[in-house]
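Chain letters run A, B, ... following the sequence lines, proteins first and then strands; every chain starts at 1. Reckoned from all heavy atoms, side chains included, excluding hydrogens, waters and symmetry mates.
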Amino acid sequence: MSSLNLYDTATRTTSAFVPLKAGEVGIYLCGATVQAPPHIGHVRSGVNFDILRRWLIKSGYNVTFIRNVTDIDDKILHKAVHEESPWWAVAMKYERAFTDAYAALNVLPPTYEPRATGHVTQMIELMQLLIERGAAYAPGNGDVYLEVRKLQSYLTLSRQKLDDLMPAADADETYKRDVRDFALWKAAKPGDPSWPTPWGAGRPGWHLECSAMAKAYLGESFDIHGGGLDLIFPHHENEIAQSEAAGYGFAARWMHNAWVTASGEKMSKSLGNSLQVHELLKSVRGIELRWYLGSAHYRSMLEFSHEALAEASVNFRRIEAFLNRSVELLGKVPTPVVGKAFSDAMNDDLAVPTALASISEALRIGNSAITSGDMTAVAHSADEIRGALEVLGCDPFDSAFVSQGSSDEMTQALDGTIKLALAQREAARIRKDFESSDAIRDGLKALGIVIEDTAQGPRWSISQKTEGSGS
RNA sequence: GGUGGAAUGGCCGAGAGGCGAGGCAAGGGACUGCAAAUCCCUCUACACGGGUUCAAAUCCCGUUUCCACCUCCA
């Protein structure tokens, strides 16, 4: 079995993954700034890194997965004014929306999910350390800045030169030693929330929380830091600047997921209303949306379209239908097994599209085995497919999805009712009264129940709602 | 101006020097009372112009178009 290779944004190459501590992996993923409802771009990041996490777990690692919540920043404060509610109420509202979206898509809850506002103490300690080491300064107005010109290796992740950056249009240079110095801490303005510090009351700048919380939960050095491509600069550069200036090793590897695009352009908050997760979940199930978001390689742009989402839905249902048939035929739920082709693909920088090809292959073999009555082969295919789906977070037998169904009593009652109708239909077919038998089939179909005649007799299933039917 | 990314068949979407991923759609066939489901077959592409090579979608040079980041961003 091959070993895991992962891409590293810092070196722009793929290399063997070697954890800092044998058997353990620490991951820090930049989570949401909770200032708006989640759109599918946000959750794509969650899904991509959830697949990474599940694959690491499946590979035998003990994974500590941190995904933060940034619950204080300029946008949240603006939103609070706009919504006429307290900033903390805004943050809580959208944090819940994110939590719901992650849950609907079966993204595992992080090991720890720290909030920025709960770690002001750690931030102050980090700033004190940075000032002691001469990397940061407090000019006396309540702000604290990091002095970027003094850094040995600033901007190495994005490979830019400090002097080539376009100067910020709105930079307040009054207290800065250099225009590009960034704020670790911002002095409180009237009406703003604030916390007391040795340099005056204020609130965190955007980047400080991640350095402070990564240190708190993963230590000075950890294995993987993840986030969206657009965080490379400035957010991740500034995290590196803070943490390395503090003397920490920080992230050994950087991984970034690409965007979901719409009409070739990055999804932005201004055009994304209909692409909010809760909107899309009106037309497809969470497991199907996840299947779609996870189906492209994490470093490739995913061009969103309703047609492509519907196609992914149909594709997933074929796989699900095979698994359900295998349960009917074998009388047991498949045991997850990881196949070699799938494993090799995942070890190659999480090559999910190639891994999906291995699922298609297993599906074809499994369906043929049903036709030929080779139950050993059916079981083998079903086990491998379930093993693959489990890693992708799309296992239909996962309690996260099973619980979305209805109660056992109702299911049994419905099953009994339909079987009565099917018995009538069979009787009609035997006496070649196809008009009556087809009437029964059509009647059931009108109710959303699809009948299939198989070698083992008729079976029924509920036809799923389809994408695009709502609007 | 600086730094990156992308262009693949009707569509989606991998691959990164040589046996043309995979899916969807379409057409044909098998099975079926008819369907449905399933299986088999067919259609075969790498933006453009040069170059390297026995061999280029893949490497090199140039060009075009598009996208992103440059202190709000997943």
Side-chain angles (χ1 to χ4, degrees), chain A residues 9 12 29-33 35-36 38-49 73-76 78 98 155 158-171 179-183 205-207 226-235 237-238 256-261 263-269 292 295-297 299-303 305 307-312 314-315 318 321-322 325 341 345 348 351-361 363-372 429 432-434 437-438 441-442 445 450-455 458-459 461 463:
Chain A
T9 310
R12 310 278 159 87
L29 173 64
C30 282
T33 299
Q35 42 102 4
H39 59 63
I40 53 173
H42 295 121
V43 290
R44 181 189 185 190
S45 180
V47 167
N48 284 160
F49 283 96
D73 95 315
D74 292 351
K75 278 252 171 184
I76 294 170
H78 291 152
F98 270 85
L155 304 180
S158 59
R159 302 198 168 176
Q160 298 178 97
K161 293 195 184 81
L162 194 57
D163 294 313
D164 289 339
L165 296 183
M166 287 167 79
D170 59 343
V179 214
R180 282 133 185 139
D181 289 351
F182 62 90
W206 177 32
H207 317 292
L229 261 185
D230 42 5
L231 294 181
I232 292 175
F233 185 87
H235 187 55
E237 291 287 10
N238 289 352
H256 293 92
N257 66 279
W259 304 292
V260 177
T261 55
S263 308
E265 292 181 358
K266 180 185 173 188
M267 197 174 295
S268 75
K269 281 147 203 161
Y292 172 65
S295 64
H297 187 92
R299 288 194 281 120
S300 296
M301 303 289 172
L302 178 65
E303 169 67 17
S305 73
E307 293 73 23
L309 175 57
E311 184 186 301
V314 169
N315 185 243
R318 282 188 73 220
F322 166 71
R325 287 225 56 200
D348 180 16
V352 173
T354 308
L356 295 185
S358 78
I359 295 178
S360 292
E361 173 77 2
L363 180 65
R364 194 174 53 74
I365 292 168
N367 275 322
S368 295
I370 288 179
T371 306
S372 66
R429 291 181 71 199
K432 307 254 188 253
D433 178 7
F434 298 121
S437 68
D438 289 354
R441 184 172 67 197
D442 293 345
K445 190 180 178 186
V450 181
I451 303 306
E452 294 163 27
D453 293 318
T454 74
R459 65 187 291 271
S461 58
S463 66

Euclidean distance for [atom1], [N] against [M] (whole angstrom):
| N | M | atom1 | result |
| --- | --- | --- | --- |
| B:G5 | B:G62 | P | 16 Å |
| B:C48 | B:G27 | C1' | 33 Å |
| B:G10 | B:G51 | C1' | 34 Å |
| B:C39 | B:U58 | P | 35 Å |
| B:U52 | B:C60 | P | 15 Å |
| B:A68 | B:A14 | C1' | 22 Å |
| B:C59 | B:G17 | P | 7 Å |
| B:C12 | B:G49 | P | 23 Å |

Under 4.0 Å between a side-chain N or O of A:Arg299 and OP1 or OP2 of B:A14? no
Under 4.0 Å between any heavy atoms, over every strand shown, what does [X] touch: base, sugar-phosphate, or nothing? Just pick one.
| X | answer |
| --- | --- |
| A:Arg364 | sugar-phosphate |
| A:Val43 | nothing |
| A:Glu361 | nothing |
| A:Asn315 | sugar-phosphate |
| A:Gly227 | sugar-phosphate |
| A:His297 | sugar-phosphate |
| A:Arg441 | base |
| A:Ile359 | nothing |
| A:Ser437 | base |

[Y] and [X], any side-chain heavy atoms less than 4.5 Å apart:
| X | Y | answer |
| --- | --- | --- |
| A:Asp348 | A:Thr354 | no |
| A:Asn238 | A:His235 | no |
| A:Asn367 | A:Leu363 | yes |

By nearest-nucleotide position on RNA chain B, the 5'-leaning member of A:Leu356 and A:Trp259 is A:Leu356
For RNA chain B, whose closest nucleotide is more 5', that of A:Ser360 or that of A:Tyr292? A:Tyr292
Between [options], which one does the side chain of [X] approach most closely?
| X | options | value |
| --- | --- | --- |
| A:Asp438 | B:U71, B:G22, B:G33 | B:G33 |
| A:Arg159 | B:U3, B:C34, B:U71 | B:U3 |
| A:Val260 | B:A74, B:C69, B:C39 | B:A74 |
| A:Leu231 | B:A74, B:C39, B:G4 | B:A74 |
| A:Asp453 | B:C12, B:C34, B:C39 | B:C34 |
| A:Leu302 | B:A74, B:G13, B:C34 | B:G13 |
| A:Arg429 | B:C40, B:C34, B:C70 | B:C34 |
| A:Asn257 | B:C34, B:C70, B:A74 | B:A74 |
| A:Ala296 | B:A74, B:C24, B:G13 | B:G13 |
| A:Thr371 | B:U38, B:C34, B:U71 | B:U38 |

Under 3.5 Å donor-acceptor, A:Arg44 side chain and A:Ala258 backbone: yes
Closest non-hydrogen contact found for A:Glu303 with A:Tyr292 is O-OH, 3.4 Å
Smallest separation among heavy atoms of A:Ala296 and A:Leu302, with atom names: CB-CD1, 3.7 Å
B:A35 C1' sits how many Å from A:Glu452 CD, rounded? 11 Å
Rounded to the nearest Å, what distance is computed from the NE2 atom of residue A:His256 to the P atom of nucleotide B:U3? 19 Å
Give none if [N] has no partner; otherwise give the nucleotide forming a Watson-Crick or G-U wobble pair with it, both distances under 3.5 Å.
| N | result |
| --- | --- |
| B:A35 | none |
| B:C48 | B:G62 |
| B:C43 | none |
| B:C24 | B:G10 |
| B:U3 | B:A68 |
| B:G17 | none |

I need the A:Ile451 CD1 to A:Asp442 CG distance, nearest 0.5 Å. 10.5 Å
To the nearest 0.5 Å, tell me how far A:Leu162 CG sits from A:Glu237 CD. 10.5 Å
